[in-house]
Amino acid sequence: MKAMLIDENKNLVWSDVPDPVIKDDEVLVKIHAAALNRADLLQRQGKYPSPPGCPEWMGLEVAGIIEAVGKDVTNWNIGDKVCALLGGGGYAEYVAVKYDMLMPIPNGLTMEEAAALPEAYATSYLNLFIEGHLEAGQTAFIPAGASGLASVAIPMAKAFGARVITSVLSDEIAKKIEWLGADIIINSTKECVEEILKAEEENGTPVNVSMDCLSGETLGKSLPYMARGGYWIVISTLAGTETNVLLRPLLTKGLHLVGSMLRNRTPAFKAYILSQLVEKVWPKIESGEIKPSIYKVLPMSEALEAHAILERSENIGKVVLRVC
């Protein structure tokens, strides 16, 4: 089969690789579409290798059709349309997937839309509802509102009854993401995030949960204005790896500062998250309450341009590669 390898110059090369051999508890998926994540960019730079036992090439989420099943697999059949969460290996024609890393494609979605679900939706659900304990009526702060992840997390939080605050870098971007439904969009180039969050606390609507991919100085400045018992979930550090945290508010308000990564969770816990998505989120997708946000679909031959879109932070929504 073919897979997208990285050469010594960090170029992407569609290359021949051995066909996957499935284990007894795995299925073979013929990949139709693979969605991009910023982790792919890091992996291409040599900073985020696939976990042991996973293919060396990139790709954390795919959609396709099952072509073979292991002898111990009883809940999936040849011909089933599925999307899958992977440790790696999605930029390819085929992938072997353990049975519990698969989900049915929600009714009405294309392969490209389904490919954009597993990683982003699992990350959002994990950090908003499992780590963050978000409840209806509470307020969530989800910065970087133009990111592919925020395009999932904001509508998801809204669909479950939360109020949402986000941040962007310009008024132009703010207009482009209005359709996501955030209640407040902060232009952080001319508004002070922590001052807005302070005003929200004074108005009786403090942040209960933050799913923060930026971090940096703003984290420490904003933390004191959270609701009592609030959860600030750090999922990345795109705006900086250092901040100054005042410990007194952390202590007196009983705040939780939590580091969270989906990638290092156990397979069993990832399977639990996926089961929760199918049970609780898939019905909202099928009803239209939550809609996958696709910025652009490109053929696998244009994977380099797809990466460039993410590098330029051009996309609002997910970028997807079509394999076949």
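- Of the possible donor and acceptor atoms, none in the side chain of Asn187 sits under 3.5 Å from a partner among the backbone N and O of Glu191.
- Counting heavy atoms from C-beta outward, Asn77 and Ile66 have side chains that stay 4.5 Å or more apart.
- Looking at every heavy atom in both residues, Ala116 comes nearest to Ile294 through CB-CD1, 3.6 Å.
- Side-chain contact between Leu126 and Ser260 is present, with heavy atoms from C-beta onward closer than 4.5 Å.
- Salt-bridge check for Lys198 with Glu194: failed, with every basic side-chain N at 4.0 Å or more from each acidic carboxylate O.
- Contact check for Lys176 versus Val168: no side-chain heavy atoms found under the 4.5 Å cut-off.
- Of the listed residues (Gln43, Lys318, Glu119), just one forms a side-chain hydrogen bond (donor to acceptor under 3.5 Å, both in side chains) with Asn37, and that residue is Lys318.
- Judged by distance alone, the side chains of Thr123 and Arg263 never bring a donor and an acceptor atom under 3.5 Å apart.
- Counting heavy atoms from C-beta on, the side chains of Phe129 and Met156 come closer than 4.5 Å.
- In this structure a side-chain-to-backbone donor-acceptor pair under 3.5 Å is present from Trp282 to Pro104.
- Ion pair Lys158/Asp183 flagged as a salt bridge, since at least one NZ, NE, NH1 or NH2 atom sits closer than 4.0 Å to an Asp/Glu carboxylate oxygen.
- With respect to the salt-bridge test (charged N to carboxylate O, under 4.0 angstrom), the residues Asp25 and Lys23 do not qualify.
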List the steps and the verdict of side-chain hydrogen bond (donor to acceptor under 3.5 Å, both in side chains) for Ser287 and Glu289. CA-CA 6 Å; Ser287 70; Glu289 293 176 77; 3.0 Å; yes

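- Between Gly132 and Tyr231, the closest heavy-atom pair is O-CD1, 3.5 Å.
- Of all heavy-atom pairs spanning Tyr94 and Glu67, the tightest one is CE2-OE1, 3.4 Å.
- In this structure the side chain of Leu149 reaches within 4.5 angstrom of the side chain of Met211, judged on heavy atoms.
- In plain terms, the two heavy atoms of Val97 and Ala84 that are nearest each other are CG1-CB, 4.0 Å.
- Side chain of Asp19 to backbone of Met1: a donor-acceptor contact under 3.5 angstrom is found.
- Side chains of Leu41 and His307 form a contact here, defined as non-hydrogen atoms less than 4.5 Å apart.
- Within 6.0 Å of CD on Glu217 lie no more than 12 heavy atoms contributed by other residues, nucleotides or ligands.
- The closest donor-acceptor contact from the side chain of Arg38 to the backbone of Leu310 lies under 3.5 Å.
- A donor-acceptor distance shorter than 3.5 angstrom exists from the side chain of Asp7 to the backbone of Asn9, with no hydrogens or angles considered.
- Looking only at distances, a side-chain donor or acceptor of Glu286 sits under 3.5 Å from a matching main-chain atom of Asn107.
- Salt bridge present: Arg312 and Glu305 bring a charged side-chain N and a carboxylate O closer than 4.0 Å.
- In this structure, Pro267 and Lys98 have side chains that are not in contact, with every pair of non-hydrogen atoms separated by 4.5 Å or more.
- One N or O on the side chain of Ser50 and one on the backbone of Pro55 form a donor-acceptor pair closer than 3.5 Å.
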Pair Tyr295-Glu314, side-chain hydrogen bond (donor to acceptor under 3.5 Å, both in side chains): steps then yes or no: CA-CA 9 Å; Tyr295 175 74; Glu314 173 187 319; 2.6 Å; yes

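- Distance CG/Leu60 to CG/Asp40: 5.5 Å, rounded to 0.5 Å.
- Phe160 carries Lys284 over the face of its six-membered ring, with the cationic atom under 6.0 Å from the centre and within 45° of the normal.
- Of all heavy-atom pairs between Lys10 and Gln45, the closest is NZ-O, 3.8 Å.
- Within a 6.0 Å radius of NZ in Lys291, other residues, nucleotides and ligands contribute 12 heavy atoms or fewer.
- Although no hydrogens or angles enter the test, the distance criterion places a donor-acceptor pair under 3.5 Å between the side chain of Trp76 and the main chain of Tyr99.
- Summarising the local packing, OH of Tyr48 is surrounded by more than 12 heavy atoms from other residues, nucleotides or ligands at distances under 6.0 Å.
- Exactly one residue among Ile290, Leu277, Leu274, Leu109 makes a side chain to side chain contact (heavy atoms under 4.5 Å, CB included) with Leu117. That residue is Leu109.
- Scanning both residues, Leu134 and Ala162, for their nearest heavy atoms gives CD2-CB, 3.8 Å.
- Checking side-chain atoms of Thr166 against main-chain N and O of Ile142 turns up a donor-acceptor pair under 3.5 Å.
- In this structure, Asp212 contributes its side chain and Ser215 its backbone to a donor-acceptor pair below 3.5 Å.
- Between Glu200 and Arg163, at least one side-chain nitrogen of the basic residue sits less than 4.0 Å from a carboxylate oxygen of the acidic one, meeting the salt-bridge criterion.
- Here Leu298 contributes atom CG and Glu112 contributes atom CD; the two are 11.0 Å apart, rounded to the nearest 0.5 Å.
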